[in-house]
Number of protein chains: 2
Amino acid sequence: MRDSSLSPSSRLGGAVISDRIVSALLEELRTGRYAQTDRLPAEVDLAAELGVSRTVIRDALSEMERAGYIERVRGIGTVVNRSVLNLRSRLDQKLEYYPLIRSFGSYPHADGIQIYPVRAGEELARDLAIEPGDDVICIKKRILADTTPVIYSIDYLPRALFGNRDYTRIDLSGDVFDVLERECRQQVASNVAHLKASCGDEPIRAAMRLAPGEAMLLLDEICYNRLCHPVMRSLSYYTNFFDFSILRKLL
Amino acid sequence: MRDSSLSPSSRLGGAVISDRIVSALLEELRTGRYAQTDRLPAEVDLAAELGVSRTVIRDALSEMERAGYIERVRGIGTVVNRSVLNLRSRLDQKLEYYPLIRSFGSYPHADGIQIYPVRAGEELARDLAIEPGDDVICIKKRILADTTPVIYSIDYLPRALFGNRDYTRIDLSGDVFDVLERECRQQVASNVAHLKASCGDEPIRAAMRLAPGEAMLLLDEICYNRLCHPVMRSLSYYTNFFDFSILRKLL
DNA sequence: AAGTGGTCTAGACCACTTC
DNA sequence: AAGTGGTCTAGACCACTTG
């Protein structure tokens with residue numbers, strides 16, 4: 001029943017048409033035909049115009065609603081939230097800080113890197129779904145945007161992720177997400193972060209060049225791969241260089 | 001084609017069957033048949049067992065995936081994320097702090113309440129989609145959990161939301177979400193928060209009884225109703241009494 | 001080859017809002 | 001009454017993973 005000419009050349013993994021529709025609608029909303037409107041056309045109209053079934057349109061709109069760009073109201077229509085549309089630095093959507101720093105036009109790099117092995121205690125073992133006493137690699141470093149210190153990060157990676165290789169011969173100094181992907185074939189799909197405000201201890205404050213009265217966001221995170229298996233625990237201190245936003249919705 | 005006997009007595013607004021399925025599955029995952037497993041049955045099996053079409057199952061699973069409880073992997077199945085399942089205090093899901101404080105078994109109440117009118121400046125007017133110079137009601141207060149100060153909040157509500165009524169005769173001292181709903185017929189559907197770490201100024205630190213070296217989360221929020229119209233701006237200082245977690249996912 | 005989730009169609013009816 | 005989004009069915013085929 002499906003016209004396969006609609007989904008050709010799909011080297012992509014998952015959604016094809018409906019993802020393309022999301023991109024197209026976001027583009028139209030930002031700079032195109034729908035840039036001035038606060039309502040999208042009715043679902044049936046969109047479906048007719050784009051030559052797909054209403055289900056496809058609804059899939060696309062569901063994704064956009066999940067991200068907060070629109071709100072669908074029964075009997076009314078599809079309403080646009082322009083404020084959300086213009087947000088950058090969404091803490092709930094972005095996981096990696098290297099691309100984030102680049103998006104500000106700054107050059108991300110690390111210094112003061114320390115790498116050493118530790119043995120997992122009770123808590124770390126539970127967090128990483130390993131046994132207490134198992135080997136864990138700890139990576140501490142300071143991240144700068146150009147010359148400004150913006151993050152102090154402490155990462156814990158299960159030694160087992162590197163198999164039998166000698167991890168001391170692997171370059172662990174770059175973006176830890178790249179390391180995980182390149183060296184461990186692990187993609188981080190989601191991440192649970194506990195949020196605190198922290199002033200940090202003296203060495204960290206000095207490293208981050210904090211003025212008195214300045215505080216940092218402390219993100220205590222566990223990263224999971226697609227199969228919901230933990231692959232990393234991180235503690236990251238973020239200065240207020242970042243203007244993180246998050247979308248909060250009742251579910 | 002639809003058997004209406006499946007959706008009886010639906011005083012509920014939206015989803016009926018699929019919402020019931022979400023609740024049932026979450027219950028089974030937490031304390032029932034699926035409490036020990038890390039995979040849910042295949043979609044077709046769930047559909048057959050529950051006597052609904054696969055679409056309904058997929059709607060339910062989509063909602064659960066959005067919340068982070070499960071991850072669906074093509075060719076593999078539906079994987080459970082037990083860590084997310086056990087989270088409380090999700091900053092991305094909860095908007096109101098009164099119920100949150102209650103969920104810790106504490107009694108939420110406010111003191112030091114100040115209410116006064118202000119005129120909107122450029123920024124506030126833009127945030128609230130009103131004109132500069134328009135009347136805005138400012139509510140400042142301290143929130144306590146039992147006897148511990150946990151939040152200092154500053155709320156800005158457009159005067160126009162109260163129509164012609166004399167707002168000084170309205171009780172604005174309780175949960176501001178209740179006030180919005182009861183007095184303004186406005187339900188907050190979503191909320192964009194900008195996150196900072198802050199030490200606060202001296203009066204606030206004193207009011208919150210902060211020790212030296214303690215910092216607070218500062219949430220700078222704009223609340224929207226279902227129609228994506230802003231209804232409130234808030235600045236809230238949260239002490240680390242709260243252990244907020246958030247789910248971060250690539251979209 | 002078998003099994004899983006992902007996409008899509010075509011059509012039906014329900015619930016809510018507005019005129 | 002007309003229009004909107006919300007729910008649901010029944011069935012098809014695609015893409016990926018595993019044995």
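A note on names: the letters A, B, ... follow the listed sequences, proteins ahead of strands, and every chain is numbered from 1.
With hydrogens and angles ignored, the 3.5 Å screen pairs a side-chain donor or acceptor of A:Arg30 with a backbone N or O of A:Leu85.
For the pair A:Glu65 CD and D:dT4 C1', the computed distance is 14 Å after rounding to whole Å. Atom-to-atom, CG of B:Leu50 to P of D:dC8 comes out at 12 Å; the value is rounded to the nearest Å. Across the protein-nucleic acid pair, A:Glu71 atom CD and D:dT4 atom C1' stand 15 Å apart, rounded to whole Å. Per the geometry, CG belonging to A:Leu61 stands 13 Å off P belonging to D:dT7, to the nearest Å. Here the C1' atom of nucleotide D:dC8 and the CG atom of B:Asp19 are 14 Å apart, to the nearest Å. Whole-Å rounding puts the A:Ile21 CD1 to C:dT9 C1' distance at 13 Å. Rounded to a whole Å, the CZ atom of A:Arg39 is 11 Å from the P atom of D:dT4. Whole-Å rounding puts the B:Ile57 CD1 to D:dC8 C1' distance at 12 Å.
For A:Glu43, taking side-chain heavy atoms from C-beta onward, the closest of the listed nucleotides C:dC8, C:dT4, D:dG6 is D:dG6. The side chain of B:Thr55 lies closest to D:dA10, out of D:dG5, D:dA10, C:dT9. Set against D:dG6, C:dT9, C:dT4, the side chain of A:Arg72 has D:dG6 as its closest nucleotide. Closest to the side chain of A:Arg58, out of C:dG5, D:dT7, C:dC8, is D:dT7.
The shortest non-hydrogen separation linking A:Arg159 to A:Arg165 is NH2-O, 2.9 Å. Closest heavy-atom contact between A:Ala193 and A:Glu221: CB-CG, 3.7 Å. Closest approach of A:Asp175 to A:Pro99, counting heavy atoms only: OD2-CD, 4.2 Å.
Contact between the side-chain N/O atoms of A:Thr78 and the OP1/OP2 oxygens of D:dG5 is found at a separation under 4.0 Å.
The strand DNA chain C forms stems, runs of 3 or more Watson-Crick or G-U wobble pairs with distances below 3.5 Å, at C:1-18 with D:1-18.
For B:Gln36, the CD atom is loosely surrounded, since the number of other residues' heavy atoms within 6.0 Å does not exceed 12. Atom CD of A:Glu28 is surrounded by more than 12 heavy atoms from other residues, nucleotides or ligands within 6.0 Å.
One can find a donor-acceptor pair under 3.5 Å joining the base of D:dG6 and the side-chain atoms of A:Arg54.
B:Tyr238 has its ring centre less than 6.0 Å from the ring centre of B:Phe244.
Counting only residues at least two apart or in different chains, side-chain hydrogen bond (donor to acceptor under 3.5 Å, both in side chains) contacts with residues 76-88 of chain B comprise A:Tyr224-B:Ser83.
Each of B:Leu26, B:Leu50, B:Leu46 was evaluated against B:Ile21; a single residue qualifies, B:Leu50, per the side-chain contact (heavy atoms from CB on, under 4.5 Å) test.
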For nucleotides 17-19 of chain C, which of its nitrogen or oxygen atoms have a protein nitrogen or oxygen under 3.5 Å away, and what is each distance?
none

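B:Asp243 and B:Ser89 share no donor-acceptor pair across their side chains, judged by distance under 3.5 Å alone.
Across the interface with DNA chain C, nearest-nucleotide mapping of B:Asp45 and A:Ser53 shows B:Asp45 to be the residue nearer the 5′ end.
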